[in-house]
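For reference, the structure discussed in these notes is given below.
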Amino acid sequence: MQSNETTVEAYMAQLPDDRKAAMQELRAVITQNLPAGFQEVMSYGMIGYVVPHSLYPKGYHCNSKLPLPFMNLASQKNFIALYHMGMYANEALLNWFTSEYAKTSSSKIDMGKSCVRFKKMADIPVELIGKLAAKMTVEQWIQTYESAFVRSK
């Protein structure tokens, strides 16, 4: 479920009341913990945290006009979703997150390749999401991204 909003503020304003507090808390913990260089934008109809073209001019390999995506946060129909490309590309980071999640939450993790879904707002491990956001610098993400997704010519 993508939004047509063009700013993060407009996206946040249109959220249903039962999601606003959780989304505000997640957004705050992510922005407080992300290393310098990442930029908050609307990306793919969600709140995105990207490496801007000023730091990585090549952009995203699927569409070089787009900045390099790193994390996204979205209010979907039945859950809040956190997308983290670093976990998709770095098995050690994925293993760390799933291990820490099990220590901090009594609910079973609901996860896809890069997506963690939270159906109950009270079950969101906000502090752990902050730690996850801080785990990878822009430089580390670019190196991981190029190793995992960019093919040499």
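None of the values given here were measured: they were computed from a predicted structure. Count residues from 1 along the sequence.
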With side chain to side chain contact (heavy atoms under 4.5 Å, CB included) as the criterion, how do Y83 and V116 come out once you've worked through the C-alpha distance, each side chain's angles and the decisive distance to 0.1 Å? CA-CA 6 Å; Y83 301 88; V116 184; over 6 Å; no
Any donor-acceptor N/O pair, Q143 side chain to Q140 backbone, under 3.5 Å: no
Relative to the ring of Y145, is the ring of Y56 parallel (under 30°), tilted (30 to 60°) or perpendicular (over 60°)? perpendicular
Note, I47 side chain near Y49 side chain (heavy atom, < 4.5 Å): yes
Between the main-chain N or O of V29 and the side-chain N or O of N33, is there a donor-acceptor pair closer than 3.5 Å? yes
Using side chain to side chain contact (heavy atoms under 4.5 Å, CB included), reason through M42 and T6 one step at a time and then give a plain yes or no. CA-CA 6 Å; M42 285 301 295; T6 58; 5.8 Å; no
Taking salt bridge (charged side-chain N to carboxylate O under 4.0 Å, His left out) as the test, write out the residues that go with R19, two or more places apart. none
Any side-chain heavy atom of Y60 within less than 4.5 Å of one from S43? no
What's the separation between atom CD in E139 and atom OG1 in T144, rounded to the nearest 0.5 Å? 11.5 Å
Checking side chain to side chain contact (heavy atoms under 4.5 Å, CB included) for the pair M87/L132: CA distance, chi angles, key distance, verdict? CA-CA 9 Å; M87 288 196 299; L132 174 64; 4.1 Å; yes
Are the side chains of C62 and F149 in contact, using a 4.5 Å heavy-atom criterion? no
Could you please spell out the steps behind the side chain to side chain contact (heavy atoms under 4.5 Å, CB included) verdict for L82 and L26? CA-CA 9 Å; L82 175 75; L26 281 167; 6.0 Å; no
Just wondering, are more than 12 heavy atoms of other shown residues or ligands nearer than 6.0 Å to CG in N4? no
Donor-acceptor check, side chain of H61 to backbone of E146, threshold 3.5 angstrom: yes or no? no
Compare all side-chain heavy atoms of M71 with those of M85 and state whether any distance is below 4.5 angstrom. no
Taking K135 for its side chain and L93 for its backbone only, find out whether a donor-acceptor pair lies under 3.5 Å. no
With a sphere of 6.0 Å drawn around OH of Y88, does it hold more than 12 non-hydrogen atoms of other residues, nucleotides or ligands? no
Between CG of L55 and CD1 of I142, what distance do you get to the nearest 0.5 Å? 6.5 Å
Are there over 12 heavy-atom neighbours, none belonging to E127, within less than 6.0 Å of that residue's CD? no
Measure from the side-chain N and O atoms of S105 to the backbone N and O of A102, and report whether any donor-acceptor pair falls under 3.5 Å. no
F38 and F70 aromatic ring geometry - parallel, tilted or perpendicular at 30°/60° bounds: parallel
Between CZ on residue R117 and CD1 on residue I124, distance to nearest 0.5 Å: 13.5 Å
Do the side chain of T104 and the main chain of Y101 share a donor and acceptor less than 3.5 angstrom apart? yes
Would you find a donor on one side and an acceptor on the other, under 3.5 Å apart, between the side chain of H84 and the backbone of C115? no
With a sphere of 6.0 Å drawn around CD of E9, does it hold more than 12 non-hydrogen atoms of other residues, nucleotides or ligands? yes
Only counting residues at least two apart or in another chain, list the ones meeting side-chain hydrogen bond (donor to acceptor under 3.5 Å, both in side chains) with E25. none
Between L73 and I80, is there a side-chain heavy-atom distance shorter than 4.5 Å? yes
Rounded to the nearest 0.5 Å, what's the gap from OH on Y44 to CG on N72? Could you check? 8.5 Å
Measure from the side-chain N and O atoms of T98 to the backbone N and O of N95, and report whether any donor-acceptor pair falls under 3.5 Å. yes
Donor-acceptor check, side chain of W141 to backbone of P69, threshold 3.5 angstrom: yes or no? yes
